[in-house]
Number of protein chains: 2
Amino acid sequence: MLAAGKSPKRRATRLRDSERTRERLLQAASREIYRSGFQSASLDTILAVAGVTKGALYYHFDSKEALGYAVVEEVIAPDVRGKWVRPLQSGKDPINALIGAVQGIPVRPADVRGGCQLNNLAQEMSPLDAGFRKRLAIIFQAWREAVASVLREGQTLGSVRRDLQPADAAGLLIAMVEGYGSLAKNAQDPKVMKAGIRNIVDWLRSLRPPGNRKRV
Amino acid sequence: MLAAGKSPKRRATRLRDSERTRERLLQAASREIYRSGFQSASLDTILAVAGVTKGALYYHFDSKEALGYAVVEEVIAPDVRGKWVRPLQSGKDPINALIGAVQGIPVRPADVRGGCQLNNLAQEMSPLDAGFRKRLAIIFQAWREAVASVLREGQTLGSVRRDLQPADAAGLLIAMVEGYGSLAKNAQDPKVMKAGIRNIVDWLRSLRPPGNRKRV
DNA sequence: TAACATACATACTGGTTGGTATGTTGGCAG
DNA sequence: CTGCCAACATACCAACCAGTATGTATGTTA
């Protein structure tokens with residue numbers, strides 16, 4: 001029916017322009033949601049930041065809600081995957097991989113003051129909107145599963161204590177990360193986050209088997 | 001100068017009426033802020049819930065902001081004091097007192113779904129408004145100091161390990177509580193919070209000195 | 001009882017919100 | 001050259017927002 005590759009150059013150019021507009025909207029929305037929350041993020045402000053008009057927005061998205069969902073799926077989810085899922089699948093020593101991920105948490109003032117995108121949105125919208133909650137829960141689930149998975153792997157390799165439930169420990173790690181993120185955001189102070197990271201790393205080290213404290 | 005007790009009955013009645021209106025406004029505002037956040041909480045909705053009119057609101061408070069500050073100081077702060085500061089000063093075994101406080105965290109579906117008032121507001125407003133941040137930071141500070149204080153006391157009594165920094169451990173405890181609260185709120189599932197409480201309690205038990213696992 | 005203050009109630013305003021209806025442009029197939 | 005459609009741009013809208021201006025009932029004071 002459809003001849004593939006028919007006049008592909010021009011069409012490709014047009015499509016790329018359109019998708020760049022969409023991408024700019026996503027980035028601007030992400031930034032504004034990060035700054036003031038989803039409900040308080042104004043569409044007009046998002047449009048001004050993105051440098052596009054309302055017509056373009058409503059051509060690409062059905063509603064503010066749909067724009068928000070797209071931010072979750074196309075900005076936040078890949079970010080978490082890049083920082084917490086893929087790095088843990090790199091075959092390194094599990095505990096070291098986890099320590100690396102924790103130490104990779106950004107601690108610049110701007111990051112600390114703004115908090116965690118995922119947590120921010122979940123805190124605000126999970127009780128209010130099932131669409132957000134479902135999409136955000138998927139991300140949390142993937143995060144937790146990635147941590148639990150690498151801990152299980154470590155248990156079979158002998159570099160992680162066997163007397164611990166990987167799923168429980170993964171939940172605790174995430175709770176610590178988000179909890180310290182909250183404290184640091186409230187204090188508006190990177191030192192709080194840095195101290196938290198040290199505590200989490202200490203805890204991670206305690207997950208090694210007793211006779212195996214120094215494995216690279 | 002001022003004759004005290006002059007026609008006290010009538011004046012007292014008037015005053016009590018007025019303060020009851022103020023109290024109803026605070027409670028309604030607290031509830032609406034809890035439901036939708038400070039920025040998205042509508043004054044008209046708060047007034048409808050409180051059953052008072054705009055004139056009464058602006059007689060008692062200068063602005064929405066002032067109303068929010070009053071909620072922090074007169075609703076949230078006493079709540080935290082009642083749950084985390086006073087119970088820890090009761091002279092019980094420190095670790096047991098902390099375990100009691102953690103197990104006292106409400107896990108009814110409505111509480112879990114709504115999250116922690118203090119954390120909710122801090123997450124939303126700390127980066128946006130210094131007035132909120134200052135008032136909320138005072139509460140966090142008192143909470144942390146109460147926990148650290150009881151841990152120090154336990155160290156001198158010998159019921160808490162000496163190789164731990166009370167301030168650090170207090171921060172970690174609060175991070176865990178808030179972190180699990182966030183996870184449970186996002187999952188909208190009391191089971192997550194219950195599992196978190198178990199993990200926190202286990203961690204608290206590990207703070208006893210090695211030969212002192214069962215005291216009281 | 002007259003003057004006055006407290007504690008509201010009512011009606012309104014200018015600005016902002018998400019959303020829509022309609023107009024315009026540029027490439028491209030026929 | 002013509003018609004057509006994707007990809008916007010512009011102008012507008014009702015609803016809602018925090019805040020205000022003004023009216024009023026109920027005591028208290030002199």
Side-chain angles (χ1 to χ4, degrees), chain A residues 1-26 28-29 32-33 36-71 125 128-129 131, chain B residues 1-26 28-29 32-33 36-71 125 128-129 131:
Chain A
M1 295 293 181
L2 212 79
K6 204 166 151 192
S7 64
K9 203 162 64 182
R10 281 271 161 232
R11 172 162 300 253
T13 304
R14 284 286 278 172
L15 277 180
R16 215 180 315 124
D17 283 357
S18 163
E19 282 178 17
R20 256 173 45 199
T21 301
R22 198 187 130 97
E23 189 62 27
R24 292 176 67 182
L25 277 167
L26 281 177
E32 284 308 301
I33 292 173
S36 18
F38 175 76
Q39 297 177 97
S40 298
S42 156
L43 285 186
D44 288 342
T45 307
I46 292 172
L47 294 173
V49 169
V52 306
T53 60
K54 205 161 267 193
L57 167 64
Y58 279 92
Y59 175 80
H60 288 285
F61 301 97
D62 285 344
S63 62
K64 187 190 181 187
E65 207 174 50
L67 175 62
Y69 292 170
V71 168
M125 298 307 296
L128 300 179
D129 184 298
Chain B
M1 298 296 174
L2 212 79
K6 201 167 154 193
S7 64
K9 204 162 63 181
R10 281 270 161 233
R11 174 165 297 256
T13 304
R14 284 285 278 170
L15 277 179
R16 214 180 315 125
D17 283 358
S18 164
E19 283 179 16
R20 254 172 48 197
T21 302
R22 198 187 131 95
E23 189 62 27
R24 291 176 68 180
L25 276 167
L26 282 176
E32 284 308 303
I33 292 173
S36 19
F38 175 76
Q39 297 178 95
S40 299
S42 157
L43 285 187
D44 288 341
T45 307
I46 291 172
L47 294 173
V49 169
V52 306
T53 61
K54 205 161 267 193
L57 168 65
Y58 279 93
Y59 175 79
H60 287 284
F61 301 97
D62 285 344
S63 63
K64 187 190 181 185
E65 210 174 47
L67 175 62
Y69 292 170
V71 167
M125 298 308 296
L128 299 180
D129 184 297

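Everything quoted here is computed from the prediction, not taken from an experiment. Note on naming: letters A, B, ... go to the chains in the order of the sequence lines (proteins, then strands), and numbering restarts at 1 for each one.
Among the nucleotides dA18(D), dC8(D), dG19(C), the one closest to the side chain of Leu43(B) is dA18(D). Looking at the side chain of Lys54(A), the nearest of the listed nucleotides dC8(C), dA9(D), dA11(D) is dA11(D). With dG19(D), dG19(C), dC8(D) as the candidates, the nucleotide lying closest to the side chain of Tyr59(A) is dC8(D). Checking dG19(D), dA9(C), dG18(C) against the side-chain heavy atoms of Val52(B) singles out dA9(C) as nearest. Residue His60(A) has its side chain nearest to dC8(D) when only dC8(C), dC8(D), dG19(D) are considered. If you check dA9(C), dG19(C), dT17(C) against the side chain of Thr53(B), the one that comes closest is dA9(C).
Distance, Leu47(B) CG to dA9(C) P: 10 Å, rounded to whole Å. The distance between atom OH of Tyr58(B) and atom P of dT10(C), rounded to the nearest whole Å, is 17 Å. Rounded to an integer number of Å, the gap from CZ of Arg20(A) to P of dC8(D) is 10 Å. At whole-Å resolution of the value, CG in Leu57(A) and P in dT10(D) are 15 Å apart. Here dA18(D) presents its C1' atom at 16 Å from CZ of Phe61(B), a figure rounded to the nearest Å. The separation between Glu32(B) atom CD and dC17(D) atom C1' is 15 Å, rounded to whole Å. Rounded to whole Å, atom P of dG19(C) lies 8 Å from atom NZ of Lys64(A). Put simply, CD1 on Ile46(A) is 16 Å from P on dT16(C), counting in whole angstrom units.
Listed pair Ser63(A) / dG18(C) fails the phosphate criterion, with no side-chain N or O lying under 4.0 Å from OP1 or OP2.
With Lys64(A) contributing its side chain and Phe38(A) its backbone, the two residues share a donor-acceptor pair below 3.5 Å. Between the side chain of Ser36(A) and the backbone N or O of Glu32(A) there is at least one donor-acceptor pair closer than 3.5 Å.
In this structure, Val49(A) and Ala28(A) approach most closely via the heavy-atom pair CG1-CB, 3.7 Å.
With respect to Thr21(B), the side chain to side chain contact (heavy atoms under 4.5 Å, CB included) criterion is satisfied by exactly one of Val52(B), Leu57(B), Leu26(B): Val52(B).
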Query raised in the report: Would Asp129(A) and Tyr69(A) count as a side chain to side chain donor-acceptor pair (under 3.5 Å) if you check the C-alpha gap in whole Å, the side-chain angles of each, and the deciding distance to 0.1 Å?
Result: CA-CA 11 Å; Asp129(A) 184 298; Tyr69(A) 292 170; 2.7 Å; yes
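For the pair Ser40(A) and Arg22(B), nearest-nucleotide mapping onto DNA chain C gives the more 5' position to Arg22(B). Comparing Asp44(A) and Asp62(A), the nucleotide of DNA chain C nearest to each residue sits closer to the 5' end for Asp44(A).
Looking at heavy-atom distances under 4.0 Å, Ser42(A) makes contact with sugar-phosphate atoms alone, never a base.
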